[in-house]
Amino acid sequence: MKAGCSIVEKPEGGGGYQFPDWAYKTESSPGSRQIQLWHFILELLQKEEFRHVIAWQQGEYGEFVIKDPDEVARLWGRRKCKPQMNYDKLSRALRYYYNKRILHKTKGKRFTYKFNFNKLVMPNYPFINIRSSVNLYLVTHTHEYIYMAKI
DNA sequence: GACGGAACCA
DNA sequence: TGGTTCCGTC
């Protein structure tokens, strides 16, 4: 009996980071708990055990490098129950983020992307200060997402 | 590798 | 809506 894929796979808390329920909910589909790719990217980014796979680029704020594209794709495929996932497909999904202003490409740098933090911060939350804060709160302007990423 | 159109799916 | 799959093009 294969374990297969569960409908929702909340990351276990085991000494790590607990994501609140609302972090998985969308405005358009309240019942949906499908994790978004950029959520997943941030999730990997904040965990030290994946630093050899994906990591923040020091120096440039919000910029990250995919050090092992195959592994990131494999992990994403496992989460989404898409065993045929690869970097070619994953990167297509990342490219759709360009127009949504969630991400943009760092041209010239291989496997390097950058979060558009300036576009993600919401004016409704004046207590959020990117520069002084260790935890960065990301809020898209299109959805009710709030996310925390340790930078 | 990176890009983006196009068809398709839940 | 947010990808997934496929692919031609640079």
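Predicted model only: the values in this text are computed from it and were never measured. Chain A is the first sequence line, chain B the second, and so forth, proteins listed ahead of strands; every chain is numbered from 1.
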Peer 1: Can you name the residues that form a salt bridge (charged side-chain N to carboxylate O under 4.0 Å, His left out) with K109(A), not counting sequence neighbours?
Peer 2: E63(A)
Peer 1: By side chain to side chain contact (heavy atoms under 4.5 Å, CB included), which residues pair with D70(A), not counting sequence neighbours?
Peer 2: D68(A)
Peer 1: Could you state the atom-to-atom distance from CD1 of I102(A) to P of dG2(C) in whole Å?
Peer 2: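 These atoms are roughly 8 Å apart.
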Peer 1: Taking only side-chain N and O atoms of Y98(A), does any of them lie within less than 4.0 angstrom of OP1 or OP2 on dC3(B)?
Peer 2: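 For dC3(B), OP1 or OP2 has a side-chain N or O of Y98(A) closer than 4.0 Å.
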Peer 1: L103(A) and F64(A): which non-hydrogen atoms are nearest, and at how many Å?
Peer 2: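 Looking at all heavy atoms of both residues, the closest pair is CD2-CE2, 3.7 Å.
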Peer 1: Not counting sequence neighbours, which residues clear side chain to side chain contact (heavy atoms under 4.5 Å, CB included) with Y96(A)? List them please.
Peer 2: R92(A)
Peer 1: Mind checking what makes side-chain hydrogen bond (donor to acceptor under 3.5 Å, both in side chains) contact with R95(A), not counting sequence neighbours?
Peer 2: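 Only S91(A) meet the side-chain hydrogen bond (donor to acceptor under 3.5 Å, both in side chains) criterion with R95(A).
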Peer 1: Taking side-chain hydrogen bond (donor to acceptor under 3.5 Å, both in side chains) as the definition, give me every residue that meets it alongside E71(A), ordered by chain and number, with sequence neighbours left out.
Peer 2: R74(A)
Peer 1: What is the separation between atom CD1 on I66(A) and atom P on dA2(B), rounded to the nearest whole Å?
Peer 2: 8 Å
Peer 1: Using OP1 and OP2 only, check whether a side-chain N or O of Y87(A) sits under 4.0 Å from dA2(B).
Peer 2: yes
Peer 1: Base contacts versus sugar-phosphate-only contacts with protein, heavy atoms under 4.0 Å: please encode nucleotides 3-10 of chain C as B, S and - from 5' to 3'.
Peer 2: SBBBB---
Peer 1: Between S91(A) and N99(A), just flag the one whose closest nucleotide in DNA chain B comes earlier from the 5' side.
Peer 2: S91(A)
Peer 1: Reckon K105(A) touches a base, only the sugar-phosphate, or nothing at all at heavy-atom distances under 4.0 Å?
Peer 2: sugar-phosphate
